[in-house]
Amino acid sequence: MTNQYPQPSLNISGVIIAGFRIYRDHFKQYFTMALVGCLWLIVPVYGWAKFLATLGAIARLAFFEVSERPEAPSDAKRYTNKRQWSFFGQLLLVGLILIGIVIGFSMILGAAIFIFMKLNFDSFWLSWLIFLLAVFGFIILYLGFIWISARLYICDVILALEDQTNAKKSVRKSWEITEESEFQIMGILIVAFLATLPFPIATRFILLISRLLINSLVTAEVAVWLNLLVVSAVLISMGALTLPFFKSIKAVIYYDLINQHNQDEQNLVTDNSKILEI
């Protein structure tokens, strides 16, 4: 049977198109799930874990769509809800990794600037050296941050799909399986971000217009609460619109990656018992 969502192996346009088709074909289902998940963000900690589990369920559903083994949404949610604290722990772990890298690099950059300041340079040239070093350091940090994010990008999909895994193992597997594919993933992320750029622009425009209207129609005290309500509603709605698209893309990327690995071993992706066993 021909795959309904065909895409060349980690081809940027192919992955984006396949992800969009999955998102389009299941828009109502994914949007509703994402909307409920975003509403859970209102509840501290527990709600955050439920939010992550809901997004994991969307990624799981998208993966089984692209692999032509559709799963019931209730089954996907039941599976990922069991791991909601693993998703939360995974988020903390990835956050600590990224923060640690930023702090470490900042310390190195700060030490380099300190050394330059101790050298006997003319103040004019010293200022330029520090400026260039800071700009160069920012560019390296930014690119490095994107590169590492690409290596860890599919860890939540792995946690949503594989049985014998946990937060730490899924992060490690994401790092391993994305080796030599990080630049393709970076390209996919950049294109996906550009494709969804109208949404944050529209969000800013809507919030600006609503703030002007509210501030001109009600008192300052009431306007504060109304603006907060509108901001929350708009951000939740935009999140529910865009997050399923990115989760669908993640699912397609993971499908491609394990297909590549299984092709190397002359196995089909549907023979992967770790993934298909529920």
Side-chain angles (χ1 to χ4, degrees), residues 1-8 10-42 47-48 50-81 83-84 87 153-154 156-161 185 187-207 210 230-257 269 275 278:
M1 183 169 59
T2 304
N3 195 319
Q4 187 181 358
Y5 308 107
Q7 72 286 329
L10 277 188
N11 175 276
I12 293 177
S13 61
V15 170
I16 297 294
I17 291 171
F20 176 75
R21 286 178 178 175
I22 296 172
Y23 171 70
R24 178 198 62 192
D25 294 348
H26 302 86
F27 173 78
K28 184 177 179 181
Q29 180 188 103
Y30 292 179
F31 173 77
T32 303
M33 291 174 65
L35 183 61
V36 173
C38 289
L39 289 172
W40 270 111
L41 288 171
I42 300 171
W48 303 342
K50 290 287 289 185
F51 165 74
L52 296 171
T54 302
L55 294 186
I58 294 173
R60 181 180 174 90
L61 290 170
F63 175 86
F64 283 114
E65 284 296 330
V66 76
S67 59
E68 297 187 308
R69 295 177 62 92
E71 183 177 56
S74 57
D75 292 337
K77 286 186 282 189
R78 183 168 58 250
Y79 185 90
T80 56
N81 281 337
R83 295 186 165 192
Q84 65 183 49
F87 282 106
Y153 186 61
I154 59 170
D156 57 331
V157 184
I158 295 171
L159 186 58
L161 287 165
I185 296 174
I188 291 168
L189 292 178
I190 292 171
V191 173
F193 169 76
L194 293 175
T196 56
L197 194 58
F199 286 97
I201 294 174
T203 299
R204 291 180 65 88
F205 180 76
I206 293 171
L207 293 178
S210 66
V230 171
V231 167
S232 300
V234 171
L235 291 179
I236 287 173
S237 300
M238 289 300 176
L241 280 171
T242 56
L243 287 173
F245 174 60
F246 283 97
K247 290 299 174 181
S248 298
I249 289 174
K250 278 191 180 187
V252 175
I253 291 173
Y254 185 51
Y255 175 83
D256 265 354
L257 289 172
V269 66
I275 294 172
I278 301 174

A233 and S237 have their tightest heavy-atom pair at O-OG, 2.8 Å
Are the side chains of L61 and Q29 in touch, meaning some heavy atoms are under 4.5 Å apart? yes
Does any non-hydrogen side-chain atom of F246 lie less than 4.5 Å from one of L55? no
Can you tell me if Y23 uses its side chain to pair, donor with acceptor, with the backbone of L241 under 3.5 Å? yes
How many angstroms lie between atom CD1 of I249 and atom CD1 of I12, to the nearest 0.5 angstrom? 11.0 Å
Is there a side-chain contact between I236 and L35 (heavy atoms, below 4.5 Å)? yes
Shortest non-hydrogen separation from A59 to V157 and the atoms involved: CB-CG2, 4.1 Å
Under a 3.5 Å distance rule, please check whether K250 uses its side chain to pair with a backbone N or O of Y153 as donor and acceptor. yes
Could you check if a side-chain atom of H26 sits within less than 4.5 angstrom of a side-chain atom of I58, using non-hydrogen atoms only? no
Go through the steps to decide whether M238 and I206 satisfy the test side-chain contact (heavy atoms from CB on, under 4.5 Å), and finish with yes or no. CA-CA 11 Å; M238 289 300 176; I206 293 171; 4.1 Å; yes
Does atom CZ (F27) have a neighbourhood of more than 12 heavy atoms from anything else shown, all under 6.0 Å? yes
Distance (rounded to the nearest 0.5 Å) between I17 CD1 and R24 CZ: 10.5 Å
Closest heavy-atom pair and its distance - S248, A62: CA-CB, 3.9 Å
Under 3.5 Å donor-acceptor pairs involving side-chain atoms of residues 192-204, not counting sequence neighbours:
from	atom 1	to	atom 2	distance (Å)
T196	OG1	A192	O	3.0
T196	OG1	F193	O	3.1
T203	OG1	F199	O	2.8

For a quick test of reading the model, state the closest non-hydrogen atom pair linking G14 to N11 and the distance between them. N-OD1, 2.8 Å
Within a strict 4.5 Å, meaning less than it, do heavy atoms of the L161 and F64 side chains meet? yes
Is the shortest heavy-atom distance from the side chain of F87 to the side chain of N81 under 4.5 Å? no
How far does CG of L52 sit from CG of L159, to the nearest 0.5 angstrom? 10.0 Å
Min side-chain heavy-atom separation I253-I188 under 4.5 Å: yes
Between A160 and G56, what is the shortest heavy-atom contact and its length? CB-O, 3.4 Å
Parallel, tilted or perpendicular for F63 and Y254, by the 30°/60° rule? tilted
Check this for me, if you would: do D75 and R60 make a salt bridge, where the nitrogen-to-carboxylate-oxygen distance has to be below 4.0 angstrom? no
Any non-hydrogen side-chain atom of C38 less than 4.5 Å from a side-chain atom of F51? yes
W40 side chain vs W48 backbone, donor-acceptor pair below 3.5 Å: no
Which pair of heavy atoms, one from T80 and one from A53, lies closest together, and at what distance? OG1-O, 3.0 Å
